[in-house]
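Have a look at the structure below before the remarks.
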Amino acid sequence: MSKKLKIDFISLIISLFIMVAAYISDNTILWIISFIIGGRAKAIEGVKNTLENRALNVEFLMILSALGAFFIGYFQEGAILIFIFSLSGVLEEFALNKAEKTLTSLLNLVPETAIKYTDDTEVVVPIYELKKNDVVIVKVGQQVPADGIVIFGSTLLNEASITGESRLVEKQVGDAVVSGVLNESATIHVQLTLPAKDSAMQKIVDFIKEAQNENTETELGIKKFEKYYVYIVLLLSALVMIVPYLLNIWDLNTSIYRGIVLLVVGSPCALVASVSPVMLSAMSNATKKGVLIKGSKAIEQIANIESIYMDKTGTLTYGTPQVVDIAFEDVSETHLLDIIYHMEKQSNHPLGKAIVKYIDNIRTVETMNITTKEIKGIGLEAIIDDNHYFLGRKKNNHPKVLIAQSKGYTTVEFYKNDTLLVLISLDDQLRSDAPSSISNLKNLGIKTHMITGDNAQSAQKIAKQLKIDSIDSGCLPIDKVNILKEAKKSETIAMLGDGINDGPALSIADVGIAMGSGTDVAMETADVILMNNSLSSVSKVINLSKKAKKVYTQNMFFSIIVIVFLVLMNFFQNITLPLGVVFHEGSTILVILNGLRLLRD
């Protein structure tokens, strides 16, 4: 509980005791004191918001109502009104804090300091001072301060902060580790691959801070509506105070009283609270399960997804392909593997990593100084001794390429001055949860599409296993963008990917979904990050978003019905001020509690 919430709660307790004393002694002064203590926080909040936004708000309406009740001598009603309104505010803030708890807990997963290891000396430094290639010591019970590679020791890391699953993962020398995970076994030394400010957990923290301040179109619409609605309620209240009296329908006291009741029951408190708790609860729920949703807007869009486009390598498959064959045009030119090795060494692509690992295992590589240029979505090129070398995939009909691809293999071709010299065939393993995940998406009525840079045969092999609705193969990044642009014209679409090549497509889609093991570009571009790398989470997030939309729609309708009912009851003089407050604020609390249900779903 925050300090402010504690103070507000204590004020309410004191106000309640004074109210009881005022009721027993029938002392007007005590009612006034109770009113001041109980309404202090809401009055300050109302004035502050009015000055900041230059517009009246619901707090202003309620304070005005309570002052009006005091003005016409209804001291007891005025004090009870402000007490119940303030109690509702405290309960609302408590509920919102609960919804935010999981989100804000992640903000504490980045340690403030780290143990830097320099010249055999341990020095505790602020985390923001850590740079790439620095070496840090991570002892048992400490969190990894930034992304890096283990260079000494072996241990078990708890990755629950990243994946949502509290399981221990063994890490040895050469293994990558990410920031925020907990060391539970033995001391390790980690060499940083990124500055601390660019680490995975720091990015997550930044995303969460942005997400908490983001509003959906529905929320923005309600806030805009509230701005004008408050003035309408004030005008109607003034008319109720004056017109019935002038027409001899009610006496002056009754007219003013009914006008004050209208101020209370016409206030849109419940409507204003209809959406935000729901969205915070949904984001918290997803975060606990290892899925990061970047804000309320994403949740609103996810609920509307009609089709999902998916990359193949690293998304539907594990992205750890294995080299199954290397074919040379001239077997005497095995030294070309040295060039291939050094070119791929400069790439982060899964295929490149697999090739480097394979060559490492079969030969001692000659040291070479090669500078490569990456052509996104196509491959790598280098100039060596005035010869042009290309390593990647070209659209051609070379017999060897066609034969390898007909077997469902992914191919990487090596050319010297446009002549094919080496053909590398690779195969990847389908993710174990891919079949059930695709089936779940189909059960939700969502069409599935594969969109990949791989060859048609390899794509068809995977698509057939998964029963995917359609395939687009051999796609360059620009091809993916154009396909998605066309699809967006007729339906709401999502893109699921993991690589640099998927970045443009992720940004074009209505909803971008990135695998947590993907590149920084994919993660920064996406609206949803599957930190647990589980494809099954996609359908779960869609279900969660649909529930969120259903719940906040329920809240909005309920809020409006309650307001209309109470306003009509007021005109028929069938509701008192305290009863109006109870019904009105009770509806606000019910709306918030309804939103909090999503914390458990």
Side-chain angles (χ1 to χ4, degrees), residues 311-314 316-317 319-347 349-359 362-363 365 368 370 372-429 450-465 471-480 482-483 499-501:
D311 178 43
K312 183 178 80 70
T313 305
L316 295 174
T317 65
T320 53
Q322 306 290 321
V323 174
V324 294
D325 183 54
I326 294 184
F328 296 89
E329 286 297 293
D330 183 344
V331 290
S332 66
E333 296 192 35
T334 55
H335 67 279
L336 293 175
L337 289 178
D338 296 342
I339 299 176
I340 294 172
Y341 177 91
H342 286 290
M343 288 181 71
E344 289 288 22
K345 190 76 172 174
Q346 300 175 53
S347 171
H349 196 281
L351 297 178
K353 291 179 179 178
I355 292 169
V356 167
K357 184 177 179 181
Y358 180 83
I359 295 173
I362 65 170
R363 66 183 280 117
V365 179
M368 302 177 75
I370 298 176
T372 64
K373 178 183 177 183
E374 183 173 358
I375 307 171
K376 283 188 177 180
I378 300 177
L380 305 166
E381 63 178 5
I383 304 296
I384 306 171
D385 297 330
D386 295 327
N387 291 305
H388 177 266
Y389 290 89
F390 173 80
L391 183 62
R393 286 172 285 181
K394 287 187 177 183
K395 294 182 179 179
N396 62 38
N397 294 315
H398 193 285
K400 287 190 176 180
V401 174
L402 294 179
I403 291 170
Q405 291 180 353
S406 68
K407 297 177 181 178
Y409 293 142
T410 298
T411 58
V412 175
E413 301 136 38
F414 183 60
Y415 295 84
K416 177 181 179 182
N417 299 326
D418 293 326
T419 300
L420 180 65
L421 298 180
V422 183
L423 176 64
I424 305 172
S425 299
L426 303 97
D427 200 10
D428 200 355
Q429 187 180 355
M450 185 193 297
I451 181 169
T452 176
D454 218 335
N455 63 74
Q457 292 82 358
S458 179
Q460 286 168 0
K461 177 183 174 183
I462 298 294
K464 187 176 180 180
Q465 289 177 270
I471 310 167
D472 284 290
S473 58
C475 296
L476 302 178
I478 189 62
D479 296 327
K480 293 184 179 182
N482 290 334
I483 290 168
I500 292 176
N501 298 339

Would you say that T317 contacts I462 through its side chain, given a criterion of any heavy-atom pair below 4.5 Å between the two side chains?
yes

Taking C-beta and beyond as the side chain, do R363 and D338 meet within less than 4.5 Å on heavy atoms?
yes

Could you walk me through whether L426 and Y358 satisfy the side chain to side chain contact (heavy atoms under 4.5 Å, CB included) test, starting with their C-alpha distance in whole Å, then the side-chain angles of each, then the deciding distance to 0.1 Å, before giving a yes or no?
CA-CA 11 Å; L426 303 97; Y358 180 83; over 6 Å; no

Sub-3.5 Å donor-acceptor pair from the side chain of [X] to the main-chain atoms of [Y], do we have one?
X	Y	result
S347	E344	no
R393	G453	yes
S425	V324	no

With rounding to the nearest 0.5 Å, note down the distance linking [atom1] in [X] to [atom2] in [Y].
X	Y	atom1	atom2	answer
Q460	S473	CD	OG	6.5 Å
E381	Y415	CD	OH	14.0 Å
I359	I326	CD1	CD1	5.5 Å
I478	I483	CD1	CD1	10.5 Å
I355	K357	CD1	NZ	13.5 Å
L336	I339	CG	CD1	5.5 Å

Please check if the number of heavy atoms outside K400 that lie under 6.0 Å from its NZ is greater than 12.
yes

Going by side chain to side chain donor-acceptor pair (under 3.5 Å), name the residues that satisfy it together with Q346, two or more places apart in sequence or in a different chain.
T372

Over all atoms of both residues, closest heavy-atom pair of S406 and Q457
CA-CG, 3.5 Å

Under the salt bridge (charged side-chain N to carboxylate O under 4.0 Å, His left out) rule, what do K407 and D427 come out as? Steps first, then yes or no, please.
CA-CA 10 Å; K407 297 177 181 178; D427 200 10; over 6 Å; no

Test H342 against V365 for side chain to side chain contact (heavy atoms under 4.5 Å, CB included), laying out the working first.
CA-CA 9 Å; H342 286 290; V365 179; 3.6 Å; yes

Listed by chain and number, what are the salt bridge (charged side-chain N to carboxylate O under 4.0 Å, His left out) partners of K480, not counting sequence neighbours?
D311, D502

Looking at K312, K461, Q405, which hits side chain to side chain donor-acceptor pair (under 3.5 Å) with D454?
K312

Taking the six-membered ring for Trp, are F414 and Y389 parallel (under 30°), tilted (30 to 60°) or perpendicular (over 60°)?
parallel

Per the side-chain contact (heavy atoms from CB on, under 4.5 Å) rule, which among N417, L420, I378 passes with F390?
I378

Is a side-chain donor-acceptor pair under 3.5 Å present for T313 with D428?
no

